[in-house]
Amino acid sequence: MKQKISRRAFLQGSAAALASTALCGSLSLSAGAEESEQVFRYAITDDPDSLDPGYTLNSFASPVFYNCFVGLVRYNTDSELIPGAAADWTVSDDGLVWTFTLNEGMQWSNGTDVTAADFEYAWQRVLTAEFGASGAYMLYNYIENAQNYYNGECEWEDVGIKVLDDLTLEVTLASPCSYFTALLATWTYMPVCKAVVSENEDWATDYDNYVSNGPFTIESYRMGEAIYLVKNEYYWLKDEVSLDRINLMIFQDLTTALNAYEADELDGLTKVPSSSISSLKGRDDFYSISLFSNTYWMFNTTDEYLSDPLVREALTISIDRTALIEDVLQTSSTPATGHVPYGYIQSDGQDFREAGGDYGITADPQIDRALELLAEAGYEDPSEITIRVCYYTSDTVKKVAETLASMWETNLGINCEIESSEWSVFYDQILDLDYGVAAMGDSATYMHPMAFLQTYQGSEPPLETGWRSEEYDAYLAQALSTTDEAEADECLHAAEDLFMNDYVLLPLYYGSSAMMMKDYVSNWAITACSIEVFDGIELLEH
C-alpha cells in the first residue's frame, strides 16, 4: 500500500524557521519600472558565481534561484514545506519509490510546458561528472545508482530516475531518507528547460533568453550592480504574485547598503554592518533571524605548519569567541564548539549539538593550553610559524580576519599574513589549496546534520581542505543506508567526532542574520535555512 501525500496533508513546519511577517506596505519605484508597478528592492552582498541552479552551491545566488525556479517541493511564506511543481506524490511502503505527479498547466517563462523530462534532464546534468556541479553529492548520495553513473560505472537507464509520462516522475532511492522532501526544495533539485539548455550551454548568462519556471525570471544582470527579476507571466500561480519586479541590488560594502536603505532607495537588506547592530536592534524594521548555519574558517591541512593537528587545535582553542561576537561583530550569535549547529532534534529528542559536546572548544581562549600544544608540536618559539589568513571581500569577514590574526599574534606569538580577494578568485584558491586558513561557512539548505557533514565527504569534496578519511565517509554512508534513526544519529556523531577531533575546521559562531525590512513590506519569510520566500510580498501605499 502506498502513502498518499497531498497539499492539504503535507503542511510540515521547517524546524526553527521564521514565521511570516505581517506588516503594512508601499509602492517602490526603480529604473526600468512603470510607475504603477510594484518593485521590491533588496540588497545582497555579492555577485553569484553562476546563475545555473544545477551548477553552483554559491549562496549569493539563493534569492535568484528560490524566486525564479520551483522544484517539486517549495517553501511558503509561513516557512513551511509544501508541494511545488508536484501536485502530489506517493511513497512505497519501504520508503524507496517516490512517484510525483506534476501540476497541469505549468509553463516555462518562454511559454513552453514544464514536463517530468525537464526534471530528469536537470538531474542528469548534475550527475554528469564533466558538468562539474558543486552539489552533485546531494543527488548521488541518495538516488539509486546515481553515484555509479557519476563515476561512469553504469548507464543512465540504471539510475533511479524515470519519466513515466509528461506529468509523472518516479524516483527510486538507494535507501529510505526521512528528509528527502527537504532536499527536493533545494535549488540543486530544481528543473531546467531541456529544450533550451540542451541547445545552449551558455543559457545561464544569456539573460535575454534565461528560462525559469518560478514566479520571476531574470530580465537583466549588471555585474557588481544588480540582478533584475521580472514577473513570469507564464507562472502557473501568477495571480498569487503581487510584485512585478525584484531588484537584487549588489552592495559589497554594508555601510553603503544601509545608507541606501535609510535613504529609502532599498526596501530590505540581507545583512547590516556589525557596527550598526546595537543602534538598530530596537527598531521595528530590524530582524535577527536564527539560522541553521555555522561560520568557520578552514585549515589547509597540507600547509607546512597546519599539516600538524596539534597546531590546528592550538589555533582553534586560542580564539576569544565571546569578544569576537560581542565586541567586534556585536551580534547575538552563539559561539560554535562543533561543526553541526543547534537546531536539529535527533530521534531521542535531544538537540544534536548538545548531544555531541564541544570537543574541548570554549567561548573564552585557552592560551596556556594552546602554547603547550604548539610546544608539543615542536614550536617552543611560536614565532617560527607564519599563517596565511585568507578571506573574500566583505566588511564583516575583514573584521573577523583582522581579529583572528590579532588574537593569534597576541595570544600565541605566531606571524600572520592577511590576504583578501574577490569571491570568484578566493573560491579558486580554496579548490587549489592556495591558502593557510580561509573564511568560510555553511548555511544549510535543509534541516539535517548531513547538510554540514557531507561538505567534506569523499575524494572530491566541494570545499577543499586536503583532509580525507575513509572512516568518515563510511560513517556517513552508514547513516544514509540505515532505517534505524537512532543508529543514524550515532553514525553522524561518530563522523563529526572524527572530523572535529582532527581540527579540520575552526568553528567560530552559529548563525543569526541581522537584517532590515521596511515596515510596509508584508508577507515575506526567510527560513532557518536562509531561503528567501519573496513571491508573496505585497507593497502597499505608505
Any side-chain donor paired with an acceptor under 3.5 Å for [X] and [Y]?
X: Q252; Y: D46; result: yes
X: S212; Y: T217; result: yes
X: T56; Y: D49; result: yes
X: D165; Y: T168; result: yes
X: N110; Y: Y234; result: no

Name all pairs fulfilling the salt bridge (charged side-chain N to carboxylate O under 4.0 Å, His left out) condition that reach into residues 418-435, sequence neighbours left out, sorted by first residue then second.
R388-E419, R388-D434
If you look only at pairs with a residue in residues 117-139, which of them pass as a salt bridge (charged side-chain N to carboxylate O under 4.0 Å, His left out), with sequence neighbours excluded?
D52-R125
Do W89 and L72 come within less than 4.5 Å of each other through their side chains, counting heavy atoms only?
no
Less than 4.5 Å apart, any side-chain heavy atom of I161 and any of I143?
yes
Would you find more than 12 non-hydrogen atoms of other residues, nucleotides or ligands less than 6.0 Å from [X] atom [atom1]?
X: K398; atom1: NZ; answer: no
X: Y472; atom1: OH; answer: yes
X: E201; atom1: CD; answer: no
X: E104; atom1: CD; answer: no

Which distance, rounded to the nearest 0.5 Å, do you find between the [atom1] of [X] and the [atom2] of [Y]?
X: Y228; Y: M249; atom1: OH; atom2: CE; value: 4.5 Å
X: Y509; Y: L329; atom1: OH; atom2: CG; value: 5.0 Å
X: Y392; Y: I430; atom1: OH; atom2: CD1; value: 10.5 Å
X: E144; Y: C154; atom1: CD; atom2: SG; value: 9.5 Å
X: T465; Y: L433; atom1: OG1; atom2: CG; value: 7.5 Å
X: T115; Y: W108; atom1: OG1; atom2: CH2; value: 8.5 Å

Would the distance check show the side chain of [X] and the main-chain N or O of [Y] forming a donor-acceptor pair, the cut-off being under 3.5 Å?
X: N300; Y: T302; answer: yes
X: N232; Y: G214; answer: yes
X: N103; Y: M106; answer: no
X: E37; Y: R245; answer: no
X: Y140; Y: V126; answer: no
X: K238; Y: E233; answer: yes

Which is it for M440 and Y296 under the side chain to side chain contact (heavy atoms under 4.5 Å, CB included) test, yes or no, and what are the steps along the way?
CA-CA 6 Å; M440 194 50 67; Y296 57 84; 3.7 Å; yes
Taking only Lys NZ, Arg NE, NH1 and NH2, and the carboxylate oxygens of Asp or Glu, determine whether D244 and K231 approach each other closer than 4.0 Å.
no
Within 45° of the ring axis of F251 and under 6.0 Å from its six-membered ring centre, is that where the NZ or CZ of K271 lies?
no
For the aromatic rings, using the six-membered ring if either is Trp, is the centroid distance between Y446 and F292 under 6.0 Å?
no
Centroid-centroid under 6.0 Å between Y287 and W524 rings:
yes
Give the C-alpha distance, both sets of side-chain angles, the deciding distance and a yes or no for side chain to side chain contact (heavy atoms under 4.5 Å, CB included) between V70 and L237.
CA-CA 11 Å; V70 176; L237 298 176; over 6 Å; no
Evaluate the side chain to side chain contact (heavy atoms under 4.5 Å, CB included) criterion for residues V272 and Y261: first the C-alpha distance (whole Å), next the side-chain angles of each, then the deciding distance (0.1 Å), finally the verdict.
CA-CA 10 Å; V272 301; Y261 177 86; over 6 Å; no
How far apart are the C-alpha atoms of L229 and F534, what are their side-chain angles, what is the distance that settles it, and do they pass the side chain to side chain contact (heavy atoms under 4.5 Å, CB included) test?
CA-CA 12 Å; L229 310 183; F534 291 159; over 6 Å; no
Qualifying residue for ring pair (Phe, Tyr, Trp, His ring centres under 6.0 Å) with F65, from F60, Y55, W187:
W187
Applying side chain to side chain donor-acceptor pair (under 3.5 Å), can you list everything that pairs with H448, at least two apart in sequence or on another chain?
none
What is the ring orientation for F69 with Y210, classed by angle as parallel under 30°, tilted 30 to 60°, or perpendicular over 60°?
perpendicular
Relative to each other, are the rings of W467 and F499 parallel, tilted or perpendicular (30° and 60° limits)?
perpendicular
